[in-house]
Structure formats: structure tokens, C-alpha cells
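One structure below.
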Amino acid sequence: MKIQYDAERRMFHLQSGEMSYVLGFTQDGRLLHLYWGKRLSQDISLYPLAEEILCAPYEQTAMVKDLLWEYEVPVMEAGDFQAPLLRAIQHNGVRSLRLRYAGHEIRENELIVTLQDQVYPFRVQAHYRCWGDLPLVSKWLTIENHGQESIALDAAKSACFHVPKGHNYRLTHQAGAWGAEYGKQQLMLTQARTVLQNNRLTCTSTNQTPFFALDQEGTATETMGEVFFGVLHWSGNFNITVEKEYGNRVSVTGGVADEDFQYQLKPGETLETPLFTGGYSNAGFGRMSEIFYDWQLDHLIPRGKKGDKAHAVRPVIYNSWYPYAFDVREDNCLALLNECEKLGVELFVIDDGWMSGRVDSRAGLGDWQADKQRFPRGLAPIAEGCHDKGMLFGLWVEPEMVNPDSDLYRAHPDWVLHDPTRNITTMRNQYILNLARDDIRDWAIAWLDQLIEEYQLDYLKWDMNRYAAEIGWPDAPMEEQKSLSYRYTRNLLQIWTHLNEKYPDLLLENCASGGGRADFGMVPLADRINRSDNADPVDVMILHEDFSMLFIPKTAGGAGNIAPAAHHIHNRPTPLPFRIQWGMTGSMSIGINLLTASEEEKEMLKAGIERFKMLRPDLQDSYVYRIASAREHPYAVFQYVRRDRKAFTLFAFAHGMRCWDLSMPRFRMQGLIPDGIYQCEDGKEMTGEMLMNFGLSLRLKGDFDCRMSVWNFKE
Ligand code: DGJ
């Protein structure tokens, strides 16, 4: 990674991995985007000046410069009509900004360009950060008010990316719903703004993952073609506006949503926007995923006290939710613990239902003490039981919520989001606490600290189970009302940051009704993502394919990715071996009733856990290649390649095969060392080249057939 500055040409060149990113400023100080794509040679002294790239001095092009200029921080200058990053209202009502270069600083992995308004004491720092040698650049802004009056920010987005102009682009994004998160969608852009967004406040990714990818003419595949992609590091309301203007000019502006947003920037105050990271792949979507994985494993996911947490394997979990729902008691938990020990489970999690009065969804949220009737001695016997058996202990919480039937709500009815003149809508019988309030954030921190310390928790599952309706905060001043959503998410992330800092070795599960917060705001704060509440193993054939585009498999969780025989989504009975094999593809969690399971089932589980533990160091440090998609076939094939490329595991799952499907193609492997020799567990040997060109045959039949084969490098 290198950041160069050419003073004569007023240009910055960021080189990172196979990518270059070039920006510069004009003589009058406008910050322009100049290049994003394949790595350029070191020397940019031959690179044309910003004005030359734009074909003509800008005075001569005043009428047409909207066809030419590409701003790094678009704010609707004359002729620039693209979605603005910033909208600021000065005390006298002036709403335009004129930002000009006022200096820069280059740090080890970061460039900071300062922009100053021509008239007002309003300053913006545009940040550019690289990550090791990965083809990624994170961009964000710090917005500073150096004046004596407040400035109302009507939009405060993070960054704008421009892709090479003159091409038709296909947009790939992920959209879905509860139980069907991350659904891959693709469309050719037309001259329009396509807005990927969330306005549900308490989730990010239930309906739209804050992610985009663009490829020219829609020609990129899993293995070939240039892909420009990006993710937003925010876990709340967001916009990613993909804009195509006349002349095939495509840009992507991302950040905190500007719908129902306004932030009063007080004199002397600075607002930092979340990061918006762009990346470049020159080898299709498969390479894009490799970049995401390296980034998470080597830079983003929590590192723990000794720094090795990111690379540590994730424990095998037993979770009470699917088999017991709210019916958790001391007796069944202790009995389950004994069974878990026999199977080799490493972490026991009591899910929802342990709190005072929580016998169903109508009560208990907000009163974070163990239910006295069902846990007469508190949770200590379970926590100690786990620790005595050498197992970890974890607990479920939903800190943002409260039931109307709770002591907390009775004591603090003003703590919930509400409008004074309206009924408060319940969803799942719960209200939302106004986390935008700093006192409520601090209250949550205090009881979480107490809970973690009292039970020596090793694992905390943070859940969230409803979306916002009345986003009101009657006690806040009028001009602060529209900052609520922003403050809510900021405080949420602050609590997570606190937990990470105070308990660096605590394992944290990011759950929001399943995968509602699978986003890069949460990635650096969580060790596990609840991929979805949908653990039906046939639906998982698609869910896992899409999840694995962005997220590493060791974080792929759920209350039980070894789900009950008929998972409630479809009530479709599926055989245990099929479910166990799914468990191996992610962070294994068992969600079946071990107190009623047959001896045969328990034997199968035990063997599955044993095998998983042997393979887990490789599987959890692997790239995942999507070899065959269940969208196109009655089967799904995934290849997990250890990051040093010296071991791989092939997983195949079939559902609904027909006679002629038996003539399946040979599957060509990816990402191997061509002249290396790989040996399969059954003794068969093949070179990487053969595996990647000739391929491997699989014979899958009927319903719920599944295979896995493990290959190791022969030194
Ligand atoms: C939704 C989560 O996704 C589930 O795993 C479970 O924890 C329930 N909530 C509990 O209410």
C-alpha cells in the first residue's frame, strides 16, 4: 500500500493491491475524482492534469461540465446535479456549499484532504484509508463547524465513488426479508437514481444489505471480469444511491440516510460520518469475496486481548431456542448440559425466556433478572454447571426493547420511542427504548456490565425483534427531532464498542431477528452473525450462497444451523446427516431437543461434532468458492479453500434431483496451487491444475443427498 502526492500535478495516488485510486484538485481547489481501477504504475507524473482529463479548461465548459466533472465530495456546485454528499444550512438560510482544497496530510495508511468553504467557517476533512495490501479504500468525512452559530446538516453522507465512465453497468445488490435475507439481485442501470436503503431504524440488512457491486455490461462471473464494489459501515438507516447520468456516468453515494434526518452541528462541534469502503476485483465476484474475507480476518473482526480472537475457531454451540422457546428452566437446562457434555458441545446458550415473567413474548423484556419461579437459584447453577464441565456459558439479551408489561416500562413510560398524540404501536408485544438518549445508553451499559460479571459470561447473544413505527422523542428540542435515528445507531454502536473494549474476550453474537444487522458497521464488533432465523436446510442452499459473498463462514450462525428435523419455516422434514453437514459449513450450533433425541441421533451428532472439530481450523480460515448455485440447479456446491491454498473441502447438497440431473458436469475447483498435488481422504491424488481444469465428479441423487470430501496438499 502506498499513498503518493504529486505537488506539481496536484494529484494523489493510492495504490493498494491490484487497485489504484487517483484524485486531484483543480487550480481553484475543487476535489475531483480521476481514476479507480486496475493498479497503475508508480509514476503518475505522466498522468494528465485534472483539467486535461476533463478535456477543456472548466470556464469553457461551464454549460456542459456536468458531463465532465466527477467530484469527490459532491455538494451541488453549478452544473453538478448528482446526489449530494452534504447539505448544510447556515444560520442565515444559505444552503449552498463551495468547498475548496485547504491542505492535506498523509499518514501511514491514510490520506486526509481538508476542504474549506469559501465564505463560511465550515470545514470538511475527506479521509481515504487503505487496508494492508488489499484493493480497498475506505472513505469518510469529518465535518467541522468553526463558527459561532449552529449549522443544520440536512445530509451528511460518507463518500461518493465513480466508476469508469462510458460503459453500461449492471448493479448487483442483496435484498430480501426476514427469513430470506441477502437475496442476490441484479439489474442493468438506466438513467436514474437507484436507491438501496433502510428506513426501519432498528435493523440494517433485513431488507437490503448496505452493499453494491457494479460490473460493465453485466459480463462479470464468479471467476472473471472487473467488479467495483462497496459496503457501508453503519447499522441503521442508510442510503446507497447508485446514479446513472447521461453519457454513461455512474456514481455511488453512500451514508447515513438523509430521509427524516437533520443534525444541528453546534459551534466547535465535529461530526464524523461512518466509513464507506470501495473495492476492486479483477477476477469476478469470487475474487471480491476473497478480498472481503481477508479484510475481515486480517483487519476487521474483533481481535481479543491477545489479538488472536479473530483467528480462533468458533466453539460448537448448543442453543435452547428451537427446542424450548420460552420454556427454559433450571431442570431442563441442567439436563441439557449433561447431554451437551457427552456430545462434545463447547458453549451452552440460554436463549430468550430466562427473564422475570418471560413465559411468552408478552412480558419480561426490560426486567433483566432471572425468573424466580423457573430459576429459583438464579442462573448461577447453569453458569457454574457449564464452567465445571469445561464448557462456556452464554446468554440471550434484547437490550433495545421493553414489554409494556414490565417493571421497567411501568417505572419509565417516557423511555420508549413515541409520539405524544398517538398510540404506540407494538410489534411482537414490545416497544423500542429510545437509545438515542444518552442516559438510556448508559443504563443499558450498566446492566449489561452487571450481567456479564455476575455470571462470568463467555458469550452474549444480542437480539433485536421489531422495527420502528413512531420515531418520536417528545422531550427533545424541536430542532433535534430528526437526529433521533442517527443518534440511536451511534449509541447502539457505542454500547457494542464498550462491550468489546471492556470484555475483549467475550464472544458476541450479532442477531437481529436473524440476519437483520449483517453489515460492516457490526462486523468489527461481533464474533458471530445470526445468518437468518430461517434454518430450513433447503432454503439455506441459497441463504449461505449469498451470505458467503460478503461474510466469512466462521461467523455464519443462527440459533441452530443443525435445526430440528422439521424447521418451523416450512415444516419440511429433513434427514439429520443433511443438517449436520450444513452445521459444518459455518459456526456450528445445535438447535435440536437432546432430551428427546434418540441414541442413534445423538451418536450421529457426536460423530459430526468430532469431525467438525478436526476440520474446523481449516474451514474457518478458508475462502468459500460458490461452485454451483441452487438458483440454477437442484444442488449447491461450495468449495472451502484454506487461505494458504494447501487444503480444501468440498461440500455438496442436493434437493429435488431428476433423472437427467444425474449427468452432472464435472465441477472445476478454484483457488488451488496449479502444480501442487492434493490428496483426498480416500487416497486419490490430483494436481491443482487437474482439479481446476478437469474437475471433480459428484453423483448426487434424489432429495437431501449430501457429500463432503477433504483434500490436503502433499508436500
Ligand atoms: C429471534 C432470533 O433470531 C432467534 O434466534 C431467537 O433468539 C428469538 N429471536 C428469540 O426471541
Side-chain angles (χ1 to χ4, degrees), residues 176-182 200 202-207 235 314 317-328 333 336 347-368 370-371 374 393-403 405-406 426-432 451 457 459-467 507-519 522 526-536 539-540 543 547 551 555-564 567-569 579 582-583 586-593:
W178 174 85
E181 298 89 341
Y182 329 106
R200 287 163 168 74
T202 51
C203 66
T204 339
S205 56
T206 308
N207 290 64
S235 210
R314 296 293 176 260
I317 300 176
Y318 184 83
N319 181 299
S320 61
W321 179 245
Y322 288 142
Y324 287 95
F326 299 100
D327 185 26
V328 279
C333 285
L336 281 166
L347 162 64
F348 183 77
V349 180
I350 306 185
D351 207 281
D352 199 350
W354 60 270
M355 311 88 74
S356 212
R358 186 77 171 162
V359 289
D360 56 28
S361 66
R362 279 188 291 258
L365 286 179
D367 298 340
W368 297 103
D371 186 85
R374 288 171 295 132
F393 177 52
L395 215 48
W396 174 97
V397 291
E398 193 176 358
E400 298 154 75
M401 302 293 160
V402 62
N403 287 119
D405 182 6
S406 66
T426 51
M427 285 183 213
R428 212 194 189 211
N429 301 307
Q430 61 201 51
Y431 294 153
I432 306 175
L451 192 74
L457 292 184
Y459 188 91
L460 191 76
K461 172 175 176 178
W462 180 304
D463 200 355
M464 183 298 300
N465 286 299
R466 69 157 287 184
Y467 313 126
L507 292 163
L508 286 158
E509 174 173 341
N510 161 19
C511 170
S513 270
R517 280 188 181 136
D519 61 67
M522 290 298 286
D527 303 281
R528 191 166 187 270
I529 302 173
N530 188 318
R531 183 181 49 208
S532 179
D533 271 347
N534 186 349
D536 172 86
D539 283 5
V540 170
L543 276 164
F547 180 91
F551 304 107
T555 63
N561 54 11
I562 303 182
H567 183 263
H568 64 86
I569 295 270
R579 285 176 277 141
W582 269 123
S587 160
M588 184 182 270
S589 56
I590 297 160
I592 67 178
N593 192 340

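Counting convention: from 1, in listed order, for ligands and their atoms alike.
- For Phe547, the ring-ring contact (aromatic ring centres under 6.0 Å, His included) criterion is met by Tyr182, Phe551, not counting sequence neighbours.
- Contacts of ligand 1 (protein heavy-atom distance under 4.0 Å) are Trp321, Asp351, Asp352, Trp396, Arg428, Lys461, Asp463, Asn465, Cys511, Ser513, Gly514, Asn530, Asp533, Ala559.
- Classified by interplanar angle (parallel below 30°, tilted 30° to 60°, perpendicular above 60°), the ring pair Trp354/Trp368 is tilted.
- Under the salt bridge (Lys or Arg N to Asp or Glu O under 4.0 Å) criterion, Asp367 pairs with no residue, sequence neighbours left out.
- In summary, the side chains of Asn465 and Gln430 do not present any donor paired with an acceptor at a separation below 3.5 Å, with no hydrogens or angles considered.
- Between Arg517 atom CZ and Asn530 atom CG the span is 12.5 Å, to the nearest 0.5 Å.
- A search for side-chain hydrogen bond (donor to acceptor under 3.5 Å, both in side chains) contacts involving Trp321 returns nothing, not counting sequence neighbours.
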